[in-house]
Amino acid sequence: MTQPEQSAPAEAQNKPIDFIRQIIDEDLHSGKHSRPVTRFPPEPNGFLHIGHAKSICLNFGIAEENNSPCHLRFDDTNPSKEEESYVAAIQNDVRWLGFDWGKNLFFASDYFDQLYDFAVQLIQLGKAYVCELSAEEIRSYRGTLTEPGQDSPSRERGIAENLDLFRRMKDGEFEEGTHVLRAKIDMASPNLNMRDPVIYRIMKTHHHRTGDKWCIYPMYDYTHCLSDAIEGITHSLCTLEFENHRPLYDWVLDTLATPCHPQQIEFARLNLTYTVMSKRKLLQLVQEGHVSDWDDPRMLTVSGLRRRGYTPASIRNFCAEIGLGRKESWIDMTVLENAIRDDLNESAPRVLGVLKPLKVIIDNYPEDQVEELTAQNHPQKPELGSRALPFSRELYIEQDDFMEDPPKKFFRLGPGREVRLRYGYYIKFASMVKDEMTGEIQEIHCTYDPETRGGSSPDGRKVKGTIHWVSAAQAQTCQVRLYDRLFLTEHPDTDKERDFKEFLNPDSLTLLENCKVEPSLATAKPGDSFQFERNGYFCADPVDSRPGAPVFNRTVTLRDSWAKMMGGKG
RNA sequence: UGGGGCGUAGCCAAGCGGUGAAGGCACCGGGUUUUGAUCCCGGCAUUCGGAGGUUCGAAUCCUCCCGCCCCAGCCA
């Protein structure tokens, strides 16, 4: 009936808990921590996507379950790629998903002074040095996967000189690329991240928060662990590709006197079939015009999903369903589609809408008569009430609901057949009018049985098919956008030879301009979701839809075993 | 033949040495139905990447092998 409580602890839902929650539970029981403190640390260089939603649900979910904080921290250490506008969009998306960071909104740039002081300490400890090698030299000195690196000529420079040089880096005395600060660890480490990683670089770029105060910016590996420690994070959750960075995360925190030492735990990122997930590729789709923008309903960005008609609950349920592990995995797109169907099936009011209209004239129905029929808003939920549907002599039905020469199992309209109009009357085929030139069917003539008002017959005769319809005179004409998967293949970006854009689905968007929907939809509010019976779930476009001129986006089709059957026969 | 990870059904995923290998998606049947939807019922791994070994007993422990992923940004 009702969905399980969103915020109930996983255990209470009788669901097995994931390995991260197991670790946290153990730390709580052992007394290592009295409560967990997690964080979601986006870089403000793009929009959030469904993969981020997985991380958000994890980090904020743990906080909800334990009544503990989850920080929202922007990892804004690279001003050349980051923008203020992304900061706002990201906050909006996290809030929309239903999460609240309370007072815990932070920026890595808040810590730039502390980070600088820590770097000075590292130098004083003899654990960092200013290196004057060029970027290319640093690369060649790093060695390879199988050969150790070589020491930088600057490696044994004295502490005083390092201190002076680092101060002068900060003061803008050097050009970009001429000097970096490096941690002094081990040039022979089998883990390349430990071969004296760069921790500060010169970048004479305006920062969206610190302005022109800094011309040196700290690198991720150095910044992230210290930010976690400064904030008192207990469990720092990130994706698998950072596993090789954990020794460095721990080295920085072990070397410096920090308030605490958070535990980094890695999990597998989300991959979905029939789409791409990397911000770089999403950006490319936007910049090259394959989609309209970051919030194009075909994009699996949070903003795209929102515009498509996905609900926060559906995304949270999806994230809960897919599980969490350390195995690289591909979640089937049908799992996401199933999540939104599940949610909308419960909540979306039912309406009648004809996407590809075919005119039907009921020859024996009075010329000027209009009557009102009653339709349920949700057949499984009578408490959602009903509405009136105008019925008249001229109607529209779906082109797909008529076949001139139908197979036996086609339970719809065709020569000699009778069908039920949903909430209306039984109608029987009489004749059809075709365009003499093209052979295209222009209109169908039928007769109706006045005894079947509402959809049942006193003589108890059965009709196998029920089809949807809209009264022509009262219909609201509108635009409908049919969205389909953006890519044709399950793994568009794993082909080594072919670019992922070669697999774009040319039919991912179908624009229908002459759709006929029931009059109640004229006033649909932007963002409202409906089930167009027998067609799918649709949402009034949040951007382009207007009262009196609605525009609908197809969120997802209904399951369609008929189409599946027909598809199987070719 | 550098290091770090991972391998349970088509796709995810429980399982943490003890009689029958959860659950979801997908798929296949059947029932209800004024949405070919929803809902309901049933089917779907004699087997856990492979081979050995330990044990009365292993998907769970050990050994070897095979496969896949990550790392040589002054990105995060």
Side-chain angles (χ1 to χ4, degrees), chain A residues 14-18 22 41-43 45 75 77-78 80-82 131 133-135 138-140 142-149 176-182 188-195 197-203 216-217 219-221 223-224 238-247 266 268 273 279-280 321-339 341-342 345-346 350 352 376 378-380 409-412 420-424 426 452 454-456 463-468 490 531-536 557-565:
Chain A
N14 229 341
K15 283 186 68 176
I17 70 171
D18 58 75
Q22 283 182 35
E43 183 188 13
N45 70 342
D75 234 326
T77 58
N78 186 353
S80 69
K81 290 187 175 175
E82 297 151 7
C131 177
L133 254 21
S134 69
I138 287 180
R139 192 184 317 126
S140 66
R142 186 151 34 223
T144 68
L145 294 179
T146 52
E147 302 158 25
E176 290 186 10
T178 60
H179 296 70
V180 292
L181 185 70
R182 291 228 254 169
S189 172
N191 181 339
L192 304 211
N193 294 125
M194 300 296 272
R195 319 242 263 227
V198 171
I199 58 177
Y200 265 94
R201 77 287 214 186
I202 298 170
M203 200 182 262
I216 56 172
Y217 291 95
M219 301 285 289
Y220 166 83
D221 283 310
T223 307
H224 200 84
C238 61
T239 45
L240 247 28
E241 66 270 28
F242 290 101
E243 184 157 31
N244 295 327
H245 296 244
R246 194 167 71 219
E266 310 84 17
T273 56
K279 270 197 229 174
R280 205 201 93 239
E321 255 172 43
I322 56 176
L324 192 69
R326 291 176 59 84
K327 178 174 77 173
E328 169 148 339
S329 62
W330 287 86
I331 305 294
D332 200 297
M333 184 64 95
T334 57
V335 179
L336 217 211
E337 292 170 348
N338 181 64
R341 282 196 192 103
D342 260 9
N345 178 46
E346 289 293 317
R350 271 58 172 167
L352 301 187
Q376 298 294 140
H378 191 130
Q380 279 76 41
K409 290 230 176 165
F410 184 80
F411 307 140
R412 309 177 191 180
R420 170 166 42 231
L421 296 175
R422 171 129 249 221
Y423 301 121
Y426 291 6
T452 58
S456 56
V463 290
K464 187 71 180 161
T466 300
I467 65 175
H468 58 281
E490 283 195 286
Q531 185 199 89
F532 287 15
E533 291 201 26
R534 303 209 308 134
N535 264 322
T557 61
L558 254 27
R559 279 202 190 83
D560 189 348
S561 53
W562 169 249
K564 199 180 289 173
M565 206 168 133

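These numbers come from the heavy atoms of this one structure, side chains and all, not from hydrogens, waters or symmetry mates. Throughout, protein chains are lettered first and strands after them, A, B, ... in sequence-line order, and every chain is numbered starting at 1.
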Hey, is the side chain of A:S134 poking within less than 4.0 Å of OP1 or OP2 on B:rC74, counting only N and O atoms? no
Which whole number of Å gives the distance between the C1' atom of B:rU63 and that of B:rU54? 11 Å
Quote, to the nearest angstrom, the C1' distance that separates B:rG20 from B:rA45. 14 Å
Selection from B:rC75, B:rC70, B:rC11 that lies nearest to any side-chain heavy atom of A:K81: B:rC75
What's A:Y217 touching, base or sugar-phosphate or nothing? Going by heavy atoms closer than 4.0 Å. nothing
Kindly point out which of B:rC75, B:rC6, B:rC74 is positioned nearest to the side chain of A:I138? B:rC74
Using atom C1' of each nucleotide, how far apart are B:rA21 and B:rU46 to the nearest Å? 11 Å
Value in whole Å for how far the P atom of B:rC70 lies from CG of A:D221: 18 Å
4.5 Å side-chain heavy-atom contact, A:P197 and A:M219: no
Heavy-atom check, side chain of A:N191 versus side chain of A:P247, under 4.5 Å: yes
With sugar-phosphate meaning primed atoms plus P, OP1 and OP2, does A:Y200 contact a base, only sugar-phosphate, or nothing at under 4.0 Å between heavy atoms? nothing
Does A:W562 stack onto the base of B:rG36, taking stacking as ring centres under 5.5 Å apart and planes under 30° apart? yes
Quick note, A:S561 side chain, CB onward, closest among B:rA76, B:rG36, B:rG4 is B:rG36
Between the base of B:rC70 and the side chain of A:N244, is there a donor and acceptor pair under 3.5 angstrom? yes
Determine which nucleotide pairs with B:rA21, using a 3.5 Å limit on both distances of a Watson-Crick or G-U wobble pair. none
On RNA chain B, nearest-nucleotide positions of A:Q380 versus A:C131: which is more 5'? A:Q380
Starting at CG of A:N535 and ending at P of B:rG36, how long is that distance when rounded to a whole Å? 11 Å
Heavy-atom check, side chain of A:Y200 versus side chain of A:H179, under 4.5 Å: no
Using a heavy-atom cut-off of under 4.0 Å over every strand shown, decide if A:F532 touches base, sugar-phosphate, or nothing. nothing
Across the strands shown, which category fits A:V198 at heavy-atom distances under 4.0 angstrom: base, sugar-phosphate, nothing? sugar-phosphate
Please classify the nucleic acid contact of A:S456 as base, sugar-phosphate, or nothing, using heavy-atom distances under 4.0 Å. base
Would you say the side chains of A:N45 and A:R280 form a donor-acceptor pair under 3.5 Å? no
What is the distance, to the nearest angstrom, from the CZ atom on A:F410 to the C1' atom on B:rG36? 11 Å
N/O to N/O distances under 3.5 Å, protein versus nucleotides 21-25 of chain B:
from	atom 1	to	atom 2	distance (Å)
B:rC25	O2'	A:T334	OG1	2.6

Nearest-nucleotide 5' precedence on RNA chain B, A:N191 against A:R350: A:N191
Does the side chain of A:L421 come within less than 4.5 Å of A:I467's, by heavy atoms? yes
OP1 or OP2 of B:rU8 less than 4.0 angstrom from a side-chain nitrogen or oxygen of A:K327, does that happen here? yes
Both distances under 3.5 Å, Watson-Crick or G-U wobble: report the partner of B:rU63, or none. B:rA51
Under 4.0 Å from OP1 or OP2 of B:rG36: is there any side-chain N or O of A:R412 that close? no
note: A:N193, atom CG; B:rC74, atom P; distance rounded to Å ~ 10 Å
Would you indicate what A:P247 reaches in the nucleic acid, counting non-hydrogen atoms under 4.0 angstrom: base, sugar-phosphate, or nothing? nothing
Counting the atoms with a prime plus P, OP1 and OP2 as sugar-phosphate, which does A:R139 contact under 4.0 Å by heavy atoms, base, sugar-phosphate, or nothing? sugar-phosphate
Would you mind reading off the distance between A:H468 atom NE2 and B:rU35 atom C1', rounded to a whole angstrom? 9 Å
Can A:R422 and A:T466 be counted as having a side-chain donor-acceptor contact under 3.5 angstrom? no
May I ask which nucleotide in the shown strands pairs with B:rU1, Watson-Crick or G-U wobble, both distances under 3.5 Å? none
Check this for me: does any side-chain nitrogen of one of A:E243 and A:R326 sit under 4.0 Å from a carboxylate oxygen of the other? yes
Base, sugar-phosphate alone, or nothing: which one does A:E266 contact when heavy atoms must sit under 4.0 Å apart? nothing
When the C1' atoms of B:rC27 and B:rC12 are considered, how many whole Å apart are they? 15 Å
Just compare B:rC11, B:rG4, B:rC28 and give me whichever is closest to any side-chain atom of A:K564. B:rC28
Residue pair A:E328, A:L240: steps toward the side-chain contact (heavy atoms from CB on, under 4.5 Å) verdict: CA-CA 9 Å; A:E328 169 148 339; A:L240 247 28; 5.6 Å; no
Using the C1' atom in both, what is the distance from B:rC62 to B:rC68, to the nearest Å? 24 Å
With the side chain of A:L145 defined as its heavy atoms from C-beta on, choose the nearest nucleotide among B:rA72, B:rC69, B:rC74. B:rA72
Hey, are the side chains of A:Q376 and A:R350 touching, using non-hydrogen atoms and a 4.5 Å cut-off? no
Using a 4.0 Å heavy-atom cut-off, does A:I331 contact any base of the nucleic acid, only the sugar-phosphate backbone, or nothing at all? sugar-phosphate
Would you indicate what A:I216 reaches in the nucleic acid, counting non-hydrogen atoms under 4.0 angstrom: base, sugar-phosphate, or nothing? nothing
Presence of A:S140 side-chain N/O under 4.0 Å of B:rA72 phosphate oxygens OP1/OP2: no
Looking at A:R142, I'd like to know whether one of its side-chain N or O atoms comes within less than 4.0 Å of OP1 or OP2 on B:rC74. yes
Taking B:rA9 as the reference, what is the distance to B:rG43 when you measure between their C1' atoms (whole Å, please)? 14 Å
Expressed in whole Å, how much space separates the C1' atoms belonging to B:rA14 and B:rU60? 13 Å
Reckon A:R201 has a side-chain N or O less than 4.0 Å from the OP1 or OP2 of B:rC75? yes
With heavy atoms under 4.0 Å as the rule, sort A:I322 into base, sugar-phosphate or nothing. sugar-phosphate
Any non-hydrogen side-chain atom of A:N78 less than 4.5 Å from a side-chain atom of A:M203? yes
By the Watson-Crick or G-U definition, both distances under 3.5 Å, B:rC39 is matched with B:rG31
Using whole Å, report how far CD of A:Q22 lies from C1' of B:rA13. 13 Å
Report the distance from atom CG of A:L181 to atom P of B:rC74, rounded to the nearest whole Å. 13 Å
Looking only at atom C1', what distance separates B:rG52 and B:rC66, rounded to whole Å? 14 Å
Anti/syn call for B:rG52, syn if |chi| within 90°: anti
A:H245 and A:Y220 aromatic ring geometry - parallel, tilted or perpendicular at 30°/60° bounds: perpendicular
Note, A:I138 side chain near A:R195 side chain (heavy atom, < 4.5 Å): no
Grab the NE2-C1' distance between A:H245 and B:rG73 for me, whole Å please. 10 Å
Of the options B:rA76, B:rG36, B:rU35, whose atoms approach the side-chain atoms of A:L558 most closely? B:rU35
